[in-house]
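Notes for the one structure printed next.
A quick note: this is a predicted structure, and the numbers were derived from the prediction, not measured. Letters A, B, ... are given to chains in the order of the sequence lines, protein chains preceding strands, and every chain is numbered from 1.
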2 protein chains.
Amino acid sequence: MLTQQPRNGRAPSVKDVAAAAGVSLGTVSNVLNRPAVVSTATRERVERAMADLGFVRNESARQLRAGTSRALAYVMLDGGNPFFHDVAEGIETAAEDADLSLFVCNSSGRSEREAKHLDRLLQQRVQGILITPVDPDAPHLADLAQRGLPFVMVDRFSRAGGHCSVAVDDVLGGRIAVEHLIDRGHRRVAFVGGPSSIGQVRERLQGARAVWAEFGMPEDDLIHLPTEALTVNEGRSAGERLAGLPSRRRPTAAFCANDLLALGLLQHAVTAGLRVPDDLAIVGFDDIDFAAAAAVPLTSVRQPRQELGRTAARLVLDEATNPDHVHEQATFVPALVARASTGTVRR
Amino acid sequence: MLTQQPRNGRAPSVKDVAAAAGVSLGTVSNVLNRPAVVSTATRERVERAMADLGFVRNESARQLRAGTSRALAYVMLDGGNPFFHDVAEGIETAAEDADLSLFVCNSSGRSEREAKHLDRLLQQRVQGILITPVDPDAPHLADLAQRGLPFVMVDRFSRAGGHCSVAVDDVLGGRIAVEHLIDRGHRRVAFVGGPSSIGQVRERLQGARAVWAEFGMPEDDLIHLPTEALTVNEGRSAGERLAGLPSRRRPTAAFCANDLLALGLLQHAVTAGLRVPDDLAIVGFDDIDFAAAAAVPLTSVRQPRQELGRTAARLVLDEATNPDHVHEQATFVPALVARASTGTVRR
DNA sequence: TGGTGGGATTGAAATGTTTCAAGCGTCGTG
DNA sequence: CACGACGCTTGAAACATTTCAATCCCACCA
């Protein structure tokens, strides 16, 4: 490691390295950035000096000179939901391939935190921003676009269209979930999810209703149980409301707007002594790892989480580097993953 | 928002603002950093110019001048485990209070990724690093210490002691878990966890064995089912091995080294038709939210996750700012949270 | 009227890196 | 021997910000 410690408070700079190696500071820079142009002897001398001094490049100075950072950022909506972690991993692999760092931020669903993060990222001069926004129409997002900073919405569609976005077809997701339940013989189904200010929730419900109608089912037999958030707790409380319904109105299956709700609902059902899927079948959405890991493995509508992230990163990089970039709304097709929670056919 | 777009490729700088407001660049800097010394009229003029131009401070230049960044970093071990996310949240609240940003990195248990992250963070000149290391004795960690960069180990104890650390008493955690099972009448118990290269696993097992011996139980009746990792999958496979034991050797309860293992084991048990807790009681460790959310809510040994994070951040900040800082090994006391998975007393 | 105090503003220096035109030697060729 | 070419190294400029000593200007006072 470092043999010499110039701990005079200040970290060693190229200048120090240059002095130690007896060369000019331009040469040190060449060793770092264009090793081919410097002679072997000099290079080795400089490299030894760097090792001895424990030299570490100062990224701010590089960045200042370069005018831009070597980083992307992802602002996620809910760090507590593993879904977003998986998306982040997809982004990170793509960022790594492009030799960029990734700053991961978490807005925790709070708009002011989101704005704060964005502000910081702007100050850092990140090359591009990926975001799953609290509110796709928030003014601070429009700001980004106006600034010309490459950014893409992840898991949300833009209505304005001044940027790229990456998401799955949520209407279709709703359709396949409910079609699966109809297939399994269910004739009274609950849709659990809310608030409807969230675009996804609306679209998944819309898909559910569409396919319900297409199969000629009575509108009233698709019951919407609204929730205040997409959390396990809310899923549990939806379970209570569901159990409170008069038995002739009580659904035999529930389609939840995401897996956290589904897990909460599952827990309530088990606690209440209901058998899943016999008394109540459950379908979730996202297919997070915990869905497969549940005591009764959850049927879920799978989103290609990592793929979503990778594509988003690809798009933001294209926008950042390609002058002919055109905005793109990448849509993925969700797929049903059938597991035990909808395992049997009702007669 | 910004009325004027100087999109000549370059973001507006203090110099541009100064020109637009008809003042010197020193004055602009004063408006930003010491608003009190500049007259109201000038200040307003400058502020308007900033708004018009859409001026955003360049953090790299600030940082270059200041010599240090305004950020902390947390390198977590496994982003897929919600435990670490909760720790990160604790850190973030503390960082926010100190008006610092937090860079969250994920080593995913891979040492080379960890090293890469650390290298980047060094280049960024972060004020301090919090880390749950893959290997507490890795040379790149010793490097950090030697560089004098404030860092603290989170959820791990250092043996070397050249730095702070924050963790719970894992031996005690193992004790209370197993004591709880003994209380509930269990006389044959499995410890599920591994690899034993992980300090935590060793210590939790050690605590388990200690209390087992103190209660005068035969050593052979505490059965170690080793796993290759602390994951749901490994928990499932441990379940299979457990089911394969001859019935007179088969434990009536399992203490898992973390909640992911416990969830996997629970899933296997339910799938295999075992009743939890009657046929098999289960205790986890960490008390992540998904433990409480399981179909059979999991009894778990709670770590104060956010508190762990907050304390770690406090310590690293102290090391960064207080010249009289002395390294501290903060220890928290784990607590048993009893839920349904150990709910009944065996006779 | 000259001087003083002080509030407001200024200009230059400094931070660490990269880039690039220019310089320096040395070697080979004519 | 002169010249050009080539390989390597150099030094200065530029990036955006902050700080601080110096300056300016005005009002007030003697």
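- Checking the phosphate oxygens (OP1, OP2) of C/dT18, a side-chain nitrogen or oxygen of A/Asn33 falls inside 4.0 Å.
- Residues A/Glu89 and A/Gln306 bring a donor and an acceptor atom of their side chains to less than 3.5 Å of each other.
- The side chain of B/Ser39 contributes an N or O atom lying less than 4.0 Å from OP1 or OP2 of C/dT9.
- One atom, CD of A/Gln63, and another, C1' of D/dT17, lie 13 Å apart when rounded to the nearest Å.
- Put simply, B/Arg34 has a side-chain N or O that comes within less than 4.0 Å of OP1 or OP2 on D/dT19.
- Judged by distance alone, with hydrogens and angles left aside, the side-chain atoms of A/Arg125 form no donor-acceptor pair with the main-chain N or O of B/Glu59 at under 3.5 Å.
- Contact annotation: A/Arg10 does not reach the phosphate of C/dT15 (side-chain N/O to OP1 or OP2, under 4.0 Å).
- In terms of heavy-atom proximity, B/Arg310 sits nearest to B/Ala94 at O-CB, 4.1 Å.
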Requested in this report: Report the C-alpha separation of B/Asp155 and B/Gln200 in whole Å, then their side-chain angles, then the decisive distance to 0.1 Å, and conclude whether the side chain to side chain donor-acceptor pair (under 3.5 Å) test is met.
Outcome: CA-CA 9 Å; B/Asp155 199 41; B/Gln200 258 103 343; 3.1 Å; yes
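- The CG atom of A/Asn30 sits 14 Å away from the P atom of C/dT17 (whole-angstrom rounding).
- Using a 4.0 Å heavy-atom cutoff across all strands shown, A/Val28 reaches no nucleic acid atom at all.
- Between the C1' atom of C/dA14 and the CG atom of A/Leu64 lies a distance of 12 Å, rounded to the nearest Å.
- Spacing between atom CZ of A/Arg57 and atom C1' of C/dG16 amounts to 12 Å, rounded to whole angstrom units.
- Map B/Arg43 and A/Glu59 each onto its nearest nucleotide of DNA chain C; the residue landing nearer the 5' end is B/Arg43.
- Residues from residues 117-129 of chain A placing a heavy atom under 4.0 Å of any atom in DNA chain C do not occur.
- For A/Thr42 and D/dC8, the shortest distance from a side-chain N or O to OP1 or OP2 is not below 4.0 Å.
- Between the side chains of B/Gln329 and B/Ser165, a donor-acceptor pair is found at a separation under 3.5 Å.
- Contacts of A/Ser13 with the nucleic acid, taken as non-hydrogen atoms under 4.0 Å apart, involve only primed sugar atoms and P, OP1 or OP2.
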Set out, line by line, the N/O atom pairs under 3.5 Å between protein and nucleotides 11-14 of chain D.
from: D/dA14; atom 1: N3; to: A/Arg65; atom 2: NH1; distance (Å): 3.3

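- Using the six-membered ring where Trp is involved, B/His163 and B/Phe151 have ring planes that are tilted, between 30° and 60° apart.
- Note on A/Asp143 versus A/Arg147: salt bridge recorded, some NZ/NE/NH1/NH2 to OD/OE distance being below 4.0 Å.
- The pair B/Glu92-A/Arg113 counts as a salt bridge, with a side-chain nitrogen and a carboxylate oxygen less than 4.0 angstrom apart.
- Residues B/His140 and B/Ser111 form a side-chain contact, since some pair of their non-hydrogen atoms from C-beta on lies under 4.5 Å apart.
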